[in-house]
Each structure stands twice: as structure tokens, then as C-alpha cells.
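Here's the structure we're looking at; comments come further down.
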Protein chains: 2
Amino acid sequence: MMISKRLSELRKRKQWSLQYIADQLNIAKSTYAGYESGYRQPSLEAVKELATLFGTTTDYLLGTTDEEQPSIELTLPTVRLTVDGEAVTEDEIIQLIAFIRAKRDIENKK
Amino acid sequence: MMISKRLSELRKRKQWSLQYIADQLNIAKSTYAGYESGYRQPSLEAVKELATLFGTTTDYLLGTTDEEQPSIELTLPTVRLTVDGEAVTEDEIIQLIAFIRAKRDIENKK
DNA sequence: ATGAATGTACGCGAATCGCGAACGAATGTA
DNA sequence: TACATTCGTTCGCGATTCGCGTACATTCAT
């Protein structure tokens, strides 16, 4: 059960008690404990609230992604990127990638 | 029920039948129909599979975000960006933003 | 016209959710 | 040292609701 593992890790890192989280979500301590042990599955609503509480995404909690913070590979068809609210064009993204690579190249040759 | 609305929209846009989705997830047609009508809630596992099937995120399905594709404003503290799997530094992001703005400036003055 | 496919709704049995309670272990307090 | 509090774990119970098969009306295609 991926979500129980993720919840357990996050809570321990933040050094929060079961009771604290239960209070935040307005559920019983034993209920949340069930989530971490894998004995119970949180409702969809609870998953959303837990993601907010832990400052992560539901995709991370559910194990769809391993990135705790939404991290994006800057590559072509993948992402829609904006600057000042305006979409960066594909050509511009190509240039950005080239720029970063060139910069790293120079760094590595120092 | 946000997820039922999202599922319904996505399926209609793709012009998929209830049966098709049910087959993909190995569940009964009536089960998936319950998700769209709001009569039932999908399991966490089903939510993951649906996000994959529709090519979106669980955060979008659950209504945590309104962005169907993770689209991001290229600004400082927001996101972790990578090129070739390696994180782009803050300084580099600043340079990228400046680059895009300068480029647009030139375009606008033509 | 008729057979297949679609979307919708319902009842049933089984699964499981959320809760309170109880427990030992660890920690804090007088 | 005694005692209370907090912590994490586990269990049984009642209530919820999940997933399935089924049935039905509608639409589509032959």
C-alpha cells in the first residue's frame, strides 16, 4: 500500500503525532492510524486534505509519481510553460534547453 | 462531486464509451457509470488508473488543481525544473525568464 | 425491422469505513 | 519513586457503500 508508506514517511519527517493529523482532518486518531498501517484506505476527500496538509500532491501520496514536489522535465511535448502568464513557445523551449546544456558544458570543462 | 464531473468531461471529449473504460480498468460498466453519476466513489487504485488512462493527474481528477496538464508559471519558488534529469538552478531560471522577456520585447517592437 | 451498443438505475451481498475503547510503551511531572 | 499524560497499535461493532449483475429505454447500424 503505497499511500500508507508515504504518509508514514511524511509524518515522521515533520515529527507530527497521529493525534495532530487526526485533529486537522477532524477524524479519529485510530482512523488515521489505519491509513498508515494500511488497515484502512482514506476517502478521496481525505487524500486531498492530506496532500494539502503535507504540502505535496495526491499523485505523490498515491504513488503515481515519486516526485514529492511537482518537478517537471523541460522537454518538448511534455509541458506547457508560461512566463508572465503567457505560454512559452516550442521554439523558445528548445532554446532554453540548449542554453542550459551549453551553460553546463562550460561549467564542466572548468 | 468533482471527480464525477471531471470523468464525464474527459470521457465525452475522447468519445469513449462507458464499456470501453470499464474494460480498461477491469470493472463492470455499471461500476464506472456510478463514478460519473456520483453514485459511487472509485477506489484509490481506480483513481490512479483513470488518471493514467485519461493522460492527466489525480490532482486534476480530484479537483485539487484545475490544470489538466501540469502547466507551470516559470517563476522562482514555484517549481523544480529539470533538464536531462538534472535540476535547473535558481540563477538559471532567472536567466531563462530574462531571456524570454527580452525576446518578446524585441518581437513587440518590430 | 431487428439486433447490438449505449447510458441509466436499482437491489443485493460483501467489503470496509470511521469510531470508541483498550492496551503497553514511552515520556513528562510532582 | 509514584503518577499522569501522551503516543502508537489493535480490535469489535455498527453503518456505510462498494462492485456486480440485471433490467430497461434509447440510439445506432445492418
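Below, all heavy atoms of this structure are taken into account, side chains as well, without hydrogens, waters or symmetry copies. In the text below, chain A, chain B and the rest are named by the order of the sequence lines, each starting its count at 1.
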Distances under 3.5 Å between protein N/O atoms and the N/O atoms of nucleotides 16-19 of chain D, please, pair by pair.
from    : atom 1 : to     : atom 2 : distance (Å)
dC18(D) : OP2    : Q41(B) : N      : 2.8
dC18(D) : O5'    : Q41(B) : O      : 3.4
dC18(D) : N4     : R40(B) : NH2    : 3.3
dG19(D) : OP2    : Y35(B) : OH     : 3.1
dG19(D) : N7     : R40(B) : NE     : 3.0
dG19(D) : O6     : R40(B) : NH2    : 2.8

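Side-chain atoms of R11(B) and Y32(B), non-hydrogen and from C-beta on, do get closer than 4.5 Å to each other. Proximity of L10(A) to L53(A): side-chain heavy atoms (C-beta onward) are nowhere separated by under 4.5 Å.
A pairwise comparison of heavy atoms in L25(A) and A46(A) identifies CD1-O, 4.1 Å as the closest pair. Heavy-atom minimum distance, E9(B) versus Y60(B): OE1-OH, 4.0 Å. Counting all heavy atoms, side chain and backbone alike, T65(A) lies closest to R6(A) at O-NH1, 3.2 Å. Summarising the geometry of T57(B) relative to A51(B), their closest heavy-atom pair is C-CB, 3.8 Å, with the distance given to 0.1 Å. Across all non-hydrogen atoms, the minimal contact from T64(A) to K48(B) is OG1-CG, 3.6 Å. The two residues G38(B) and M1(B) have their closest heavy-atom pair at O-SD, 4.1 Å.
R40(A) places no side-chain N or O within donor-acceptor distance of the main-chain N or O of Y35(A), the cut-off being under 3.5 Å. Looking at S8(B), its side chain never comes within 3.5 Å of a backbone N or O of K5(B) through a donor-acceptor pair.
In this structure, W16(A) is a member of the same hydrophobic cluster as I27(A), with clusters built from ILVMFWY side-chain heavy atoms closer than 4.5 Å. Taking hydrophobic clusters as Ile, Leu, Val, Met, Phe, Trp and Tyr residues chained together by side-chain heavy-atom distances below 4.5 Å, M2(B) does not share a cluster with L61(B).
A distance of 11.0 Å separates CG in L18(A) from OG1 in T31(A), rounded to the nearest 0.5 Å.
Rounded to 10 degrees, the angle separating the terminal axes of the helix from dA1(C)-dT30(D) to dA30(C)-dT1(D) is 30°, with each axis obtained from five end pairs.
Inspection of the T58(A) and T58(B) side chains reveals an N or O donor paired with an N or O acceptor under 3.5 Å.
Every residue was checked against the side chain to side chain contact (heavy atoms under 4.5 Å, CB included) condition with T52(B), not counting sequence neighbours, and none meets it.
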At under 4.0 Å between heavy atoms, which parts of nucleotides 23-30 of chain D does protein reach? Answer with one letter per nucleotide, 5' to 3': B base, S sugar-phosphate only, - none. --------

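Along DNA chain C, read 5' to 3', the first and last nucleotides having any atom under 4.0 Å from a heavy atom of chain B are dT6(C) to dA9(C).
Listed by residue number, there are no residues of residues 2-26 of chain B with a heavy-atom contact under 4.0 Å to DNA chain D.
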